[in-house]
Amino acid sequence: MLNKKSIDDIQVKGKRVLVRCDFNVPLQDGKITDEVRLVAALPTIQKLLAEGGRVILCSHLGKPKGPDPKFSLAPVAQRLSELLGQKVIFAADDTVVGPNARKAAEELKDGEAMLLENTRFRPEETKNGEAFSKDLASLADVFVDDAFGTAHRAHCSNVGVTQYVDTCAVGYLMQKEIDFLGNAVENPERPFVAILGGSKVSSKISVIRNLLDKVDTLIIGGGMAYTFMKAKGQEVGKSLLEADYLDYAAEMMQKAEEKGVRLLIPVDTVVAKEFANEAPSRVAEGDIQPDEMGLDIGPKTCRLFAEALADAKTVVWNGPMGVFEMPNFAAGTIAVAKTLAGLSAVTIIGGGDSAAAVNQLGFGEKMTHISTGGGASLEFLEGKELPGVAAADDK
Ligand code: AMP
């Protein structure tokens, strides 16, 4: 069980606290178009300010290769000031930790906040370089990581910096992710069902392997299901197929049988001759014709999956059941989201596409936890140690 030092375990009064947040928000003409991530960061920031910490916020935004005004965090500082109801000083340094940042950090009083410029303005950020890690650490007495979305990467602002700061804790957001994802996988209330979908088997090999050791039932839908169907001897026409992974799929089905894990794949699919929302479609049971492709799970499969989920106590879902971006092929993903919404179980949605699907379809509120990190949540499900989590002090 991961037991990391949290912000409830540390004293911050009068201390400079560097907080790595996830302020990677979408911007259009300098305006923030979705502030969910800013709002999600508030509890940690407010707690540190209320305790009398001198809060120095930092984050990356987009993927600039160096200083680039288009990716400045200035709009974030302004909006955060409004959300917090107090000024967040913006330290506009192209080097992130430059004269402005140093001066502001020095003058910061208890309960005041400032924000550094986009950490990606320093190209060493993504290489976990020593100089930038030390620069960041030089501003702070305490480090808090609250950016789960980058926890699967070892960068200066979440990993390198921890080598040069004595006290490193996790914030509330990060704690929540660790608690839900970690608990679900390592200590689930059973029956534990995992649902995997999305386009590729190849991107979820380790997830499948790891989950087969943990779950009672594994449900496979979406584009990746066709490789499993083909491995079982069914024709899949023009559907997504990863021929290199047929043996792997067969091996996983065999492994499931040996372990007594119920592995379910679609028994019918919605097929069309073109990859287009308006393409005429039909439900195929059994073989798919050579000129057809499967774009969603069929109604029988929806019922099969719902039955398998009925008595679940823990459910983890990663990846849509079909091409949910096209309304005519979203029914399978909607059906699974609806089923989950009606369960009295712990329901955890991996980040990325599944989180987008659940929110877009209006079921966000009904889930126990929707992860904020796509790649990071996937690596958690793979059973990997996330560098950003590992770098925080243990309790
Ligand atoms: P991933 O990024 O691997 O989680 O996959 C998500 C993508 O898989 C979404 O954009 C879906 O449209 C796509 N997808 C799901 N099912 C299918 C399918 N049957 N055929 C093609 N793409 C699919």
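Just so you know, these numbers come straight off a predicted model, no measurement behind them. Both counts, for ligands and for their atoms, begin at 1 and track the order of listing.
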With heavy-atom distances below 4.0 Å as the criterion, list the atoms of ligand 1 near [X].
{"X": "Tyr226", "answer": "19 (N)"}
{"X": "Leu240", "answer": "20 (N), 21 (C), 22 (N)"}
{"X": "Asp353", "answer": "2 (O), 5 (O), 6 (C), 7 (C), 9 (C), 10 (O)"}
{"X": "Gly222", "answer": "16 (N)"}
{"X": "Gly294", "answer": "18 (C), 19 (N), 20 (N)"}
{"X": "Gly223", "answer": "15 (C), 16 (N), 17 (C), 18 (C), 19 (N)"}
{"X": "Gly198", "answer": "1 (P), 3 (O), 4 (O), 5 (O), 6 (C), 8 (O)"}

Side chain, backbone, both or neither: which part of Val323 comes within less than 4.0 Å of ligand 1 when only heavy atoms are counted? both
Which part of Met293 is near ligand 1, with near meaning a heavy atom under 4.0 Å away: side chain, backbone, both or neither? neither
Salt-bridged, [X] to [Y], with N to O below 4.0 Å?
{"X": "Arg102", "Y": "Asp135", "result": "yes"}
{"X": "Arg54", "Y": "Glu112", "result": "no"}
{"X": "Glu235", "Y": "Lys230", "result": "yes"}
{"X": "Asp393", "Y": "Lys5", "result": "yes"}
{"X": "Glu51", "Y": "Lys47", "result": "yes"}

Identify, for atom 15 (C) of ligand 1, the protein heavy atom at the shortest distance, and state residue, atom and that distance. Gly322 O, 3.1 Å
Who's the nearest protein heavy-atom neighbour of atom 5 (O) of ligand 1, and how far? Ser199 N, 2.9 Å
Hey, is the main chain of Ile297 close enough, under 3.5 Å, to the side chain of Thr269 for a donor-acceptor pair? no
Between Glu177 and Thr372, do the side chains contain a donor N or O and an acceptor N or O under 3.5 Å apart? yes
Report yes if some heavy atom in the side chain of Val55 is under 4.5 Å from a heavy atom in the side chain of Met114; otherwise report no. no
Should [X] be counted as touching ligand 1, given the test is an N or O pair under 3.5 Å?
{"X": "Phe275", "value": "no"}
{"X": "Asp296", "value": "no"}
{"X": "Ser203", "value": "no"}
{"X": "Phe324", "value": "no"}

Quick one: does Lys204 get within less than 4.0 Å of ligand 1, heavy atoms only? yes
Residue set satisfying side-chain contact (heavy atoms from CB on, under 4.5 Å) with Gln163, at least two apart, ordered chain then number -> none
May I ask you to decide if the ring planes of Phe148 and Phe380 are parallel, tilted or perpendicular, using 30° and 60° as cut-offs? tilted
Pick from Met224, Met326, Glu325: the one approaching atom 11 (C) of ligand 1 most closely through a non-hydrogen atom: Glu325
Which pair of non-hydrogen atoms, one from Leu212 and one from Ala256, has the smallest distance, and what is that distance? CD2-CB, 3.9 Å
